[in-house]
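We name chains A, B, ... by the order of the sequence lines, and we start the count at 1 in each one.
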Number of protein chains: 2
Amino acid sequence: MTRSPEMASMASDAEYAERLRRVRASMERRSLSALVVTDPANLFYLTGYNAWSFYTPQCLVLPADGPPTLFARAMDAAGARHTCNLLDEHIVGYPETLVHRPDIHPFGWITETARARGVLPAGPDAVIGAECDSHFFSARAYVSLVEGLDGARVVDSGELVNWVRLVKSEHEIAQLRIAGQIAEATMQAALESVWPGRRQCDVAGDIVAAQARGTAEHGGDYPAIPPMLPTGAAAGTPHLTWSEQPFVSGEATTIELAGAFGRYHAPLARTIHLGDPPPLLTDTANAVDEALAAGCEAIKPGVVVADVHASVNDILNRQGLVKESRIGYSIGIGYPPDWGERTVSLRAGDPTVLEAGMAFHVILGIWMDGWGYELSEPIVVSGDGVEHLTDLPHELTVRK
Amino acid sequence: MTRSPEMASMASDAEYAERLRRVRASMERRSLSALVVTDPANLFYLTGYNAWSFYTPQCLVLPADGPPTLFARAMDAAGARHTCNLLDEHIVGYPETLVHRPDIHPFGWITETARARGVLPAGPDAVIGAECDSHFFSARAYVSLVEGLDGARVVDSGELVNWVRLVKSEHEIAQLRIAGQIAEATMQAALESVWPGRRQCDVAGDIVAAQARGTAEHGGDYPAIPPMLPTGAAAGTPHLTWSEQPFVSGEATTIELAGAFGRYHAPLARTIHLGDPPPLLTDTANAVDEALAAGCEAIKPGVVVADVHASVNDILNRQGLVKESRIGYSIGIGYPPDWGERTVSLRAGDPTVLEAGMAFHVILGIWMDGWGYELSEPIVVSGDGVEHLTDLPHELTVRK
């Protein structure tokens, strides 16, 4: 391992050891002989490995005992030596000839090699956990793993590592705070950038530039999701990015973006209206502002997540609004296509009890037929309530 | 369907019909009763659907006969009506309560609903194709599909739709040309941006801004991959993004980026050295320039792809260099994490015979221990050779 300057934001060796210990404790509770980790966020969490290599198969094989081994395409294995805390002998590259071949899959080679190296137990007594809903562990990879294991049982480990990530360390909270600074600066740039007649793509350019530049002290990282800025009727739906059409007076735009630092994300949403806003929009803005405040007020250690959702809906309902979908989700490390951790959702029925160190994007998105409104805050659960990662006004921004 | 202004770059109805026809012809050759399409690029190709919604399960179910049906999360189904060519009744949203649940997967609901609607045949006579190596079709989704099909056989369709995408229409080539203009403008901005003492993240900011802004006539789209700008020793490996470290004199940086327009990508790579370059680097630059020219010279309809790879290596070998990995890949529509089509690779052993309308990123990346060099051209195979999508000097850029 040769640590590069860009690894300044890596955790300490002691922290990586503690993360492994917690993952192994969870593996032991499920009697797993080994865990095959494929989610890039989990790879980063456990080893610091960080490269845009997840479009070809890669994984960390973590046996119940002994050091984990990283498998990646040969050219990326070389890069891994720059960006992870594993010893060189625990980083294995598979041949380039296996990439994008219709007849053969790298996970066959990986399984065989991991078995030969003794890090992946096979045979009928072994139980191998695999992250079966990880975005970059395909069905074909799964089948290759199962077929190569000589009768070992492959079980869906679910989001085992993601759940370990739920409560953040001090180091991680420090990363999130910097991400929050970047989110705040980026949202300010975004709101200043929207004017009638400007093309959406030009505003997007200002946003993505601010995300990458970060602050004077801390450079930004690429976010897991590009900025969303649906405008006009399209603001009635989330997840649309931008077009080359100009902004026009009389329309609202919802802006959702994140500040990213060392792969940690602080997402943030605001709404801007060009010209005099209709009363329905300002009424909604006021209701949402009050509801978000109630939600943040409700968040503290010991509270059940579903109760936070209920607190928000109590306020919204009084205004004739209802928010059935989740009002937030756990955040931390993010890679495309998602900056959420895919564990806790702030919604009815979620039984999670809040603990200090959990981090959430609390987001109220109201998507109606033909218009929409969004307001959010990224927060960390602190000892007695909420630490806000950003500090921007909550009001609807109106530009006349 | 309500076509929004941002759909100006959509293909014609006739072209969508022709794409479906070609996919169905391929399905028929494999005796598929239906195809479950999950690759976002394939969804866009077949319907124009374009949103950042692929982080939750979604698919197009394409029966051998009858119209295809799009299944997506309820809030995204609403967005699909803005961005796709399907009738509203062929867009189905699944309940929000199914998102990110440990105990249940949306593909169970999708399979059941598709069966009930009669678009997904079940039972022992049906053969369902699924894109088993698509990034956003997880192992858990696959298992949910198989379990819900009441004995129907699920087969790996491989990159069936990707292969149909290989030869581009005139409409698609027009999109690629605009993407090429954006790539060219972005690379110029990138090369002008690198100076000793500037932080990598600030250069990245300039690059991503140029990508989004596009040209005065055509706004840019978000690229499938963020800019790569490994510098110094890290340039010896691909796929590292940027850090907050400043560029320093005496080091080379390889820059790989794409111009994107309406999801079509024209990738481009160049190398810049700050200060007097070492002879090894200039020698490599000259050899790679000559080799790339030989590669582009070799590309014409009727030529076997493997022979293009050989032409390039003939030149490189004379300089003591060798390029075992592929020297390019098919390009077109791209979504994260990849702008390649995952079909043809320009490498030894690939038997594909070139045809007019195919498009490639021809890239020579030399990654050595402690340094690297990259040069590339995005091209379209034309009637008698190659149409270049960008027009920039091939030399190593030297900044003193």
Side-chain angles (χ1 to χ4, degrees), chain A residues 4-6 51-55 75-76 78-79 82-83 96 100 102 105 130 132-140 142-143 156 158-159 199-202 204-206 208-209 212-214 218-220 222 225-226 228 234 236-241 243-245 324-325 336-338 342 345 367, chain B residues 4-6 51-55 75-76 78-79 82-83 96 100 102 105 130 132-140 142-143 156 158-159 199-202 204-206 208-209 212-214 218-220 222 225-226 228 234 236-241 243-245 324-325 336-338 342 345 367:
Chain A
S4 307
E6 57 261 45
W52 193 279
S53 56
F54 39 87
Y55 70 94
M75 63 171 72
D76 295 316
H82 286 275
T83 61
E96 180 66 25
H100 293 168
H105 193 279
C132 287
D133 210 32
S134 155
H135 288 115
F136 304 107
F137 182 61
S138 72
R140 200 184 294 164
Y142 169 77
V143 169
D156 187 344
E159 286 64 43
R199 299 184 305 172
Q200 293 179 31
C201 57
D202 293 327
D206 290 347
V208 294
R213 286 171 190 146
H218 299 291
Y222 67 87
I225 307 180
M228 305 286 172
T237 62
H239 304 147
L240 298 182
T241 54
S243 78
E244 59 192 22
Q245 296 301 309
E324 286 176 11
S325 61
D338 198 359
R342 299 191 289 123
S345 289
W367 300 296
Chain B
S4 307
E6 55 262 45
W52 193 279
S53 55
F54 39 88
Y55 70 93
M75 63 170 71
D76 295 315
H82 286 275
T83 60
E96 180 65 24
H100 293 167
H105 194 279
C132 288
D133 210 32
S134 155
H135 288 116
F136 303 108
F137 182 61
S138 72
R140 200 184 294 166
Y142 168 78
V143 169
D156 187 344
E159 286 65 43
R199 298 184 306 171
Q200 293 179 31
C201 57
D202 292 326
D206 290 347
V208 293
R213 287 171 189 147
H218 300 291
Y222 67 86
I225 307 181
M228 305 286 171
T237 63
H239 304 147
L240 299 183
T241 54
S243 77
E244 60 192 21
Q245 295 301 310
E324 285 177 9
S325 61
D338 198 359
R342 298 190 291 124
S345 289
W367 300 296

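A:C201 and B:G220 get closest at one heavy-atom pair: CB-O, 4.1 Å. Closest approach of B:W52 and A:P337 over heavy atoms only: NE1-O, 2.9 Å. Nearest heavy atoms, B:F136 versus A:H135: CD2-CD2, 3.7 Å. When all heavy atoms of B:G79 and A:L240 are compared, the closest pair comes out as O-CD2, 4.5 Å. The minimum heavy-atom distance between B:V208 and A:A212, with the atom names listed, is CG2-CB, 4.3 Å.
For the set B:M228, B:E324, B:R140, the count of heavy-atom pairs under 4.5 angstrom toward chain A peaks at B:R140. Of all the listed residues (B:A130, B:G205, B:S53, B:A204), the one sharing the greatest number of non-hydrogen pairs under 4.5 Å with chain A is B:G205. Interface check for chain B: of the options A:A78, A:P226, A:A51, the most heavy-atom pairs under 4.5 Å are formed by A:P226. Chain B forms more heavy-atom pairs under 4.5 Å with one residue of A:P102, A:A209, A:C132 than with any other, namely A:C132. Residue with the most contacts toward chain B among A:S325, A:G158, A:P336, A:S345: A:S325 (heavy-atom pairs, distance under 4.5 Å).
For A:D156, the part lying under 4.5 angstrom from a heavy atom of chain B is the side chain only. Proximity to chain B (any heavy atom under 4.5 Å) is restricted, for A:D76, to the side chain, taken from C-beta onward. A:S134 touches chain B through its backbone: at least one of N, CA, C or O sits under 4.5 Å from a heavy atom, while the side chain does not. Looking at A:H218, the atoms closer than 4.5 Å to chain B (heavy atoms on both sides) sit in the backbone and in the side chain alike.
In this structure, B:R199 contributes its side chain and A:R213 its backbone to a donor-acceptor pair below 3.5 Å.
Distance NE2/B:H100 to CG/A:D338: 5.5 Å, rounded to 0.5 Å. Between B:S138 atom OG and A:Y142 atom OH the span is 10.5 Å, to the nearest 0.5 Å.
For B:Y55 and A:H239, the ring centers are positioned less than 6.0 Å apart.
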